[in-house]
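First up is the structure itself, then whatever we jot down about it.
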Amino acid sequence: MTPKHVLDGYRVLDITQYLAGPAATNLMVQMGAEVIKLEIGPHGEPVRTFPFCRDGRSGYFIQQNRGKKSLCLDPKTPEGLAIIKRLLEHCDVFIENFAPGVIGRLGLDWDVVREINPNIIMCSISAFGQAGPLAAHPGFDYIAQAYAAVTDLIGEPDRAPALPMLAFGDVGTGVHALTAIGYALLDRERNGAGGQWLDISLLDTYFHHHEVSVQAWSASSGKIVPHRSGAHHYAVGPSGIFKAKEGHLMILALLHQWPILCRAMGREDLIADAKFVDNDARMVNRTEMIALIEAWLQTLPSDAAALALLEKARIPCAPILSVPQAMAHPHMIERRTVREIEDRLLGKFQIPGMPLRFSKYEVDENIQAPLLGEHNGEILQRFLGYAPDRVRELEQRKILFSKPV
């Protein structure tokens, strides 16, 4: 039988919430995995009603949970815990993102899980990791970002640091978790190595994103101190956001691109100018360099004309698009970077597309986000042999929970 996608045939028990964990399993379900979303009753995933919600249906929840099967139970009851343990026997991956120690207090730490299923891959996602001085601290994306020396680098140098309005840490950590899970499965299949426990943290993910700052400070013995520098990079340039005729443009004409930019500006005299001859000189004279480039941009008839000239010279550049502008861009639409879905309750709306592309497989576009406990009966009958009457009895006793349309 031809697989539907690369993870077709793998089963995931997902007891994650909010974003980092659901982001990982969101990618996994689109890659063909069967994902059982284990929700804690009676209310289930906290983001089911957050932040944009209509008629009890959240677009935030839908975006991260399409295609998953919802099993809602109380894991603190003996019956609820027993259901989880029996399901672990049928799964390849168990993923959780509670604070360290919580999953153990539920009775599902790694020693227990591997005893139940020696071949399972267990992935624990947390803010600071499973060990270390910060491990027990509660944390979300921005908290780990602050500890990772990322927040300090965002914003204007003479003002307070700023927040990025994207979940770089949560989504990035989800992708890191997916990577680790994928290679742990490969190790299991290729080497017969059995299961293992993966410790993935937002802090590690954020720190991994430092491309200049860490090694620059260390290798310079502290002479280079990374700092926020507003619209322009503090270490290389020209690299940043420039005021043009009508708005702002992103231009990265760094390193070997500087002479090309000078020719495009009609200022070949700047190529050998001692103030701009190399990157170090340009950083010392950054304010004057920025002023020269912005003065030239503002002599052009429009921002579109400036982009056309820069693009012709093969200088990396871009307009600063708003969210609506990016969503309407022909390139985004053609590549399905933004895609329209139709939810059975919320209707049609757009979400980000699948970023992982495979030449052999297409993503199933017809998947739906589950209702709370929608698949209680299906999962328990299929894997544990529960009769419909027993499922109803467990719901009546508040071991299982569901919320019909």
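In this chain, residues are counted from 1 in sequence order.
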Is a side-chain donor or acceptor of Q215 paired with a backbone partner of E211 at a separation under 3.5 angstrom?
yes
Is the CH2 atom of W296 crowded by more than 12 outside heavy atoms at less than 6.0 Å?
yes
Could you please spell out the steps behind the side chain to side chain contact (heavy atoms under 4.5 Å, CB included) verdict for I120 and W110?
CA-CA 10 Å; I120 201 165; W110 172 234; 4.0 Å; yes
What distance separates H90 NE2 from I379 CD1, expressed to the nearest 0.5 Å?
12.0 Å
Any side-chain heavy-atom pair from E311 and C317 closer than 4.5 angstrom?
yes
Residues R267 and D269 bridged, charged N to O under 4.0 Å
yes
As a quick check of understanding, evaluate salt bridge (charged side-chain N to carboxylate O under 4.0 Å, His left out) for K69 and E374, giving each step before the final call.
CA-CA 7 Å; K69 296 179 178 179; E374 178 179 356; over 6 Å; no
Check whether S220 reaches the backbone of A216 with its side chain - one donor and one acceptor, N or O, closer than 3.5 Å.
yes
So for atom CD, which belongs to E189, do other residues, nucleotides or ligands contribute more than 12 heavy atoms lying within a distance under 6.0 Å?
yes
Go through the side-chain N and O atoms of T151 and Q145 and say whether any donor and acceptor fall under 3.5 Å apart.
yes
Looking just at side-chain N and O atoms, do Y234 and S239 make a donor-acceptor pair shorter than 3.5 Å?
no
Can a side-chain donor-acceptor contact be found between D199 and S124 if the only test is distance below 3.5 angstrom?
no
To the closest 0.5 Å, what do you measure between CD1 (I200) and CD (Q130)?
10.0 Å
Do the side chains of E156 and R228 get close enough for a salt bridge, i.e. N-O under 4.0 angstrom?
no
Do any N or O atoms from the side chain of D14 and from the backbone of I36 form a donor-acceptor pair under 3.5 angstrom?
no
Any donor-acceptor N/O pair, N285 side chain to K275 backbone, under 3.5 Å
yes
Within the 4.5 Å heavy-atom criterion, are P352 and T337 side-chain neighbours or not?
no
Distance-minimising heavy-atom pair for A328 and I333:
O-CD1, 3.6 Å
Are D204 and S201 close enough that a side-chain donor and a side-chain acceptor fall under 3.5 Å?
yes
Would you confirm whether R344, through its side chain, and A369, through its main-chain N or O, come within 3.5 Å as a donor-acceptor pair?
yes
According to the interplanar angle, ranging from 0 to 90°, do the rings of F276 and W258 count as parallel (below 30°), tilted (30 to 60°) or perpendicular (above 60°)?
tilted
Tell me the closest heavy-atom pair linking I315 and L261, and the distance in Å.
CD1-CA, 3.5 Å
Exercise: identify the closest heavy-atom pair between Y142 and L163
CE1-CD1, 3.7 Å
Does T77 reach the main-chain N or O of I399 with its side chain, forming a donor-acceptor pair under 3.5 Å?
no
Using 4.0 Å as the upper bound for N to carboxylate O, is an ion pair formed by D187 and R190?
no
Should V93 and Y10 count as side-chain neighbours, where that means a heavy-atom distance under 4.5 Å?
no
Taking the side chain as everything from C-beta on, heavy atoms only, tell me whether V6 gets closer than 4.5 Å to L356.
no
Are L394 and Y386 close enough, and set up right, to give a side chain to side chain contact (heavy atoms under 4.5 Å, CB included), and what steps lead you there?
CA-CA 10 Å; L394 289 172; Y386 284 24; 3.6 Å; yes
Heavy atoms of D170 and D141 approach each other most closely as N-OD2, 2.9 Å
Between E395 and S402, do the side chains contain an N or O donor and an N or O acceptor separated by less than 3.5 Å?
yes
Without swapping roles, check the side chain of S70 against the backbone of P370 for a donor-acceptor pair under 3.5 Å.
no
Heavy-atom side-chain contact between R57 and R48 under 4.5 Å
yes
Is it the case that the side chain of N279 and the backbone of G237 share a donor-acceptor pair, with hydrogens and angles ignored and the cut-off at 3.5 Å?
yes
How about H209 and F168: are their ring centroids closer than 6.0 Å?
no
Working note: R339 + I351, criterion side chain to side chain contact (heavy atoms under 4.5 Å, CB included); need CA distance, chi angles, decisive distance, verdict.
CA-CA 6 Å; R339 62 179 168 182; I351 64 171; 4.0 Å; yes
Name the orientation class of the two ring planes belonging to F128 and H137 (parallel below 30°, tilted from 30 to 60°, perpendicular beyond 60°).
perpendicular
When the ring planes of H176 and H208 are compared, do they come out parallel, tilted or perpendicular, using 30° and 60° as the limits?
perpendicular
L73 side chain reached by I84 side chain, heavy atoms, under 4.5 Å
yes
Are R11 and E34 close enough for a salt bridge, meaning some N to O gap below 4.0 Å?
yes
Is the shortest side-chain N to carboxylate O distance from D364 to K4 below 4.0 Å?
no
State, with a plain yes or no, whether a side-chain heavy atom of L321 is found less than 4.5 Å away from one of H329.
yes
With sequence neighbours excluded, residues passing ring-ring contact (aromatic ring centres under 6.0 Å, His included) with Y206
none
Residues R188 and D92 bridged, charged N to O under 4.0 Å
yes
Test your reading of the model: is there a side-chain donor-acceptor pair from E342 to the backbone of G347, 3.5 Å cut-off?
no
For a side chain to side chain contact (heavy atoms under 4.5 Å, CB included) check, start with the C-alpha distance between S58 and T49, then their side-chain angles and the critical distance, and finish with the verdict.
CA-CA 5 Å; S58 164; T49 56; 5.8 Å; no
Would you mind reporting whether Q64 and L19 have side-chain heavy atoms less than 4.5 Å apart?
yes
Which heavy atom of A135 sits nearest to which heavy atom of G129, and what is that distance?
CB-O, 3.4 Å
Does F140 form a ring pair (Phe, Tyr, Trp, His ring centres under 6.0 Å) with Y18? I'd like the steps, not just the answer.
CA-CA 10 Å; F140 286 90; Y18 294 104; 5.5 Å; yes
Is a side-chain N or O of N97 found less than 3.5 angstrom from the main chain of Q17, in a donor-acceptor match?
yes
Residues which pass ring-ring contact (aromatic ring centres under 6.0 Å, His included) with H233, listed by chain and number, not counting sequence neighbours:
none
Any side-chain donor near an acceptor of the partner, T25 and K68, under 3.5 Å:
yes
Centroid-to-centroid, F242 to H232, below 6.0 Å?
yes
Does atom NE2 of H43 have more than 12 heavy-atom neighbours from other groups under 6.0 Å away?
no
Smallest separation among heavy atoms of I116 and K85, with atom names:
CG2-O, 3.4 Å
Heavy-atom neighbours of Y183 OH exceed 12 at 6.0 Å
no
Will you find, in the side chains of Q325 and S322, an N or O donor that is under 3.5 Å from an N or O acceptor?
yes
